[in-house]
Amino acid sequence: MRRLGLLLFGSILLLWAITAQLNHALSSFGIHLFAGGLCVPFVALQFPSRSGLLVSAAAGLLCDAVTPVPVGTHLFLFAVAHALMAKLRHRLPADDGITQLIIALVTNAALYLALTIILAARQPVIASLWPRLLWDLILSEIYVALVGPWFFALQGRILDLDRFALRGRL
């Protein structure tokens, strides 16, 4: 289970690196994409709760390392999102890609808004930038909708390869 958790965290690290490079390229236009909502759903819906929470928490710490929020903010928000999804897991078709994408879009918007509120509380001038924040949220949702199916397929393939390896055929 540890190896699989590390592999899933590696896929999140890959997504984070791709998003960071894209944000770097878009910085001259004043655009910032947020894809934190992709880090939680697959792990919360497909992975055992405790191990999945560790992967989500590690993803939160990764995001905390590069953002101007208090340390542990992403960790806390990702853990709460994971706990809510794990609680609702039995009511959702976890294997359905469209359901995972919708959950990722809702999670991404909720996390983005929560982080915006936290940042605005620390620096009230941020609240006056609401048109840009709204624009970034819309573009982030489009990004999540475009990248989400690929990312969930990558994570699904990691699960398949691990199951294949456990049967001794690798």
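Given the structure is predicted, the values throughout are model-derived calculations rather than measurements.
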Give the minimum heavy-atom separation between [X] and [Y], together with the two atoms involved.
| X | Y | answer |
| --- | --- | --- |
| Arg122 | Pro70 | NH1-CD, 3.4 Å |
| Pro41 | Met85 | CA-SD, 3.5 Å |
| Thr107 | Ala81 | CG2-CB, 4.2 Å |

Going from [atom1] on [X] to [atom2] on [Y], what distance comes out if it is rounded to the nearest 0.5 angstrom?
| X | Y | atom1 | atom2 | answer |
| --- | --- | --- | --- | --- |
| Leu8 | Leu54 | CG | CG | 12.0 Å |
| Phe151 | Leu146 | CZ | CG | 15.0 Å |
| Leu62 | Ile12 | CG | CD1 | 8.5 Å |
| Gln46 | Gln155 | CD | CD | 9.5 Å |
| Gln100 | Leu38 | CD | CG | 10.5 Å |
| Leu77 | Leu113 | CG | CG | 11.0 Å |

> Can you name the residues that form a side chain to side chain contact (heavy atoms under 4.5 Å, CB included) with Ile117, not counting sequence neighbours?
Replying inline: none
> Among all residues two or more places apart in sequence or in another chain, which pass the ring-ring contact (aromatic ring centres under 6.0 Å, His included) test with His74?
Replying inline: Phe78
> Hey, does Phe34 have a side-chain heavy atom less than 4.5 Å from the side chain of Thr19?
Replying inline: no
>> Atom CZ of residue position Phe9 - does it have more than 12 heavy atoms of other residues, nucleotides or ligands inside 6.0 Å?
In response: yes
>> Please determine whether the number of non-hydrogen atoms from other residues, nucleotides or ligands lying under 6.0 Å from atom CH2 of Trp130 exceeds 12.
In response: no
>> Checking one residue: Leu61. Which other hydrophobic residues are in its cluster under the side-chain 4.5 Å linking rule?
In response: Leu75
